[in-house]
Amino acid sequence: MAKKNKTPLGILVESIGLYFSNFDKFIKYMTFPVLGQVGGLLLVLLLTLIYTKHIPQIDNINILILLSILVTLPGLLIFTKAFWEYLVAYGAINSMLDNMLKSGKVYDFDAHTELIKRRSIPFIGLWFLFGVFSLLAVFPLFWVPAGVIAVFCVLVFQVFTYEPELSPIGCVKKSMQLVKGHFASTFMLMALVGALTYVFVPQIANKLFEVIKLSDCFVNMIMPFIDELPVAELNSALALAYIPAIQVKDIAAFAVTTTIAQIFIQYTLPLRSILWGMWYEELNGSLPSKSVKKKPSEKLMEASKKKYSSKKLDRNILKRAMEKDDGE
């Protein structure tokens, strides 16, 4: 029987179902990558505040620099570790898709994460290309072409996961090849999932935090940090341009609502990865077949079994990562 094509809306609905059917596991998997970033930055601010309030003034510039590094280092290490784990999740969740489509469940997160970490250098290279593109997109002159390129390159991380033989540039080319001829459908998917996870969910979260008064609590907690900012000097500069003064509490409220929104955006990463993984499968299936390739889970088993056979994962864990749950 011929494969039935899935519509973009159908893929969105199915991806939402897979995300919420494994919601507890995804929340647990994403907690350190998401909250670790926030916690690391808060630790930097807290230790810096304590340092500026209680450490006597030091005239020696070398000692001052050394103390500044030591004070910020713990928080920066936590932030960097969490940020790296978050980037790795982009690819690892794609690797879990095959299991989800077969059984509706995800498991053996370590095995799937290892699939990406084994290829750290090309993965960093891919993110470097992504970073360069993001910098170019900052300039208004590049907004329209950057938006078009973003649509064509939306599947680069799926290509990276499912086609490990390709270089970062090869991933970009393959993503463009997949989207070519399906630009409108891909753009519609981007608009739908973007509106859901970048706008609707964060606004609902902020409204809920406002209703239960948690937002006000967080605002009061960070006010001591905001008070240390040169707000008076900023307002003096704004007054010269006839711009209304900024209140310290407004800055704190903006920081809190932005952080809450960012946390919920990051927690919905699995939903976006599932959706784009399914879209990759849909578009890749429409291309002429050149050869029969092993599935990513099969390559994961071969390349990772040796590493995990003598460590915390048993010999069958990689096999379970690619097979349907026997209980289903």
Side-chain angles (χ1 to χ4, degrees), residues 8-9 11-46 75 78-90 92-94 96-97 100 106 109 130 134 137 150 154 157 188-226 229 246-279:
L9 183 58
I11 286 179
L12 176 63
V13 172
E14 186 174 356
S15 63
I16 292 174
L18 290 172
Y19 173 68
F20 281 104
S21 65
N22 296 278
F23 185 73
D24 57 332
K25 297 177 182 177
F26 284 132
I27 289 295
K28 182 179 179 181
Y29 179 64
M30 297 299 299
T31 290
F32 176 72
V34 175
L35 298 186
Q37 295 181 61
V38 177
L41 292 178
L42 287 177
L43 183 59
V44 169
L45 293 174
L46 178 61
I78 294 173
F79 172 82
T80 302
K81 172 66 174 174
F83 183 65
W84 169 245
E85 294 293 338
Y86 180 77
L87 297 184
V88 169
Y90 265 86
I93 295 172
N94 290 317
M96 303 171 194
L97 180 61
M100 284 186 280
V106 291
F109 283 85
F130 184 82
S134 299
V154 72
F157 293 103
M188 184 175 72
L189 264 181
M190 288 185 69
L192 289 172
V193 75
L196 176 63
T197 62
Y198 286 95
V199 180
F200 184 72
V201 170
Q203 286 186 350
I204 292 295
N206 268 311
K207 189 63 179 178
L208 177 62
F209 274 62
E210 181 183 337
V211 169
I212 62 179
K213 304 299 182 181
L214 267 179
S215 294
D216 292 338
C217 179
F218 291 143
V219 166
N220 293 330
M221 288 174 59
I222 69 169
M223 283 291 287
F225 301 111
I226 306 299
L229 297 176
I246 300 176
Q247 301 299 318
V248 173
K249 190 169 184 179
D250 292 337
I251 298 176
F254 176 78
V256 168
T257 55
T258 302
T259 301
I260 293 173
Q262 187 62 32
I263 288 173
F264 279 85
I265 288 171
Q266 292 190 355
Y267 265 118
T268 55
L269 169 66
L271 170 57
R272 294 188 293 275
S273 291
I274 293 169
L275 180 142
W276 293 122
M278 294 177 64
W279 190 234

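- Taking the side chain as every heavy atom from C-beta outward, Ser215 and Ile260 approach each other to under 4.5 Å.
- Counting only heavy atoms from C-beta outward, the side chains of Ile93 and Tyr29 approach each other to under 4.5 Å.
- A distance of 11.0 Å separates CD1 in Ile226 from CG in Asp250, rounded to the nearest 0.5 Å.
- The side-chain heavy atoms of Thr257 and Phe218, taken from C-beta on, include no pair separated by under 4.5 Å.
- Here the side chain of Thr258 pairs no donor or acceptor atom with the backbone of Ala255 at under 3.5 angstrom.
- Rounded to the nearest 0.5 angstrom, Ser15 OG and Leu275 CG are separated by 4.0 Å.
- Classified by interplanar angle (parallel below 30°, tilted 30° to 60°, perpendicular above 60°), the ring pair Phe83/Phe79 is parallel.
- In this structure, CH2 on Trp276 lies 12.0 Å from CG on Asn94, to the nearest 0.5 angstrom.
- Note that CG of Leu35 is 12.0 Å distant from CD1 of Ile78, once rounded to the nearest 0.5 Å.
- To the nearest 0.5 angstrom, Leu46 atom CG is 9.5 Å from Met221 atom CE.
- Met100 is not listed as a side-chain neighbour of Tyr19, based on a closest heavy-atom distance of 4.5 Å or more.
- A 4.5 Å side-chain heavy-atom check between Met188 and Leu192 finds at least one atom pair inside the cut-off.
- Considering only heavy atoms from C-beta on, Leu196 stays 4.5 Å or farther from Thr268 through its side chain.
- Residue Leu18 comes nearest to Phe26 through the heavy atom pair O-CE1, 4.1 Å, listed as atom of the first residue, atom of the second, then distance.
- Judged by distance alone, the side chain of Arg272 and the main-chain N or O of Ile265 form a donor-acceptor pair under 3.5 Å.
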Go through the steps to decide whether Phe264 and Phe209 satisfy the test side chain to side chain contact (heavy atoms under 4.5 Å, CB included), and finish with yes or no. CA-CA 12 Å; Phe264 279 85; Phe209 274 62; 4.0 Å; yes

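- Rounding to the nearest 0.5 Å gives a distance of 12.0 Å between CG of Leu271 and CG of Asn22.
- Side-chain atoms of Gln266 and Gln37, non-hydrogen and from C-beta on, do get closer than 4.5 Å to each other.
- At a threshold of 4.5 Å between non-hydrogen side-chain atoms, the residues Gln203 and Val199 count as touching.
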Determine whether Val193 and Tyr198 satisfy the following criterion, side chain to side chain contact (heavy atoms under 4.5 Å, CB included), listing intermediate values before the conclusion. CA-CA 8 Å; Val193 75; Tyr198 286 95; over 6 Å; no

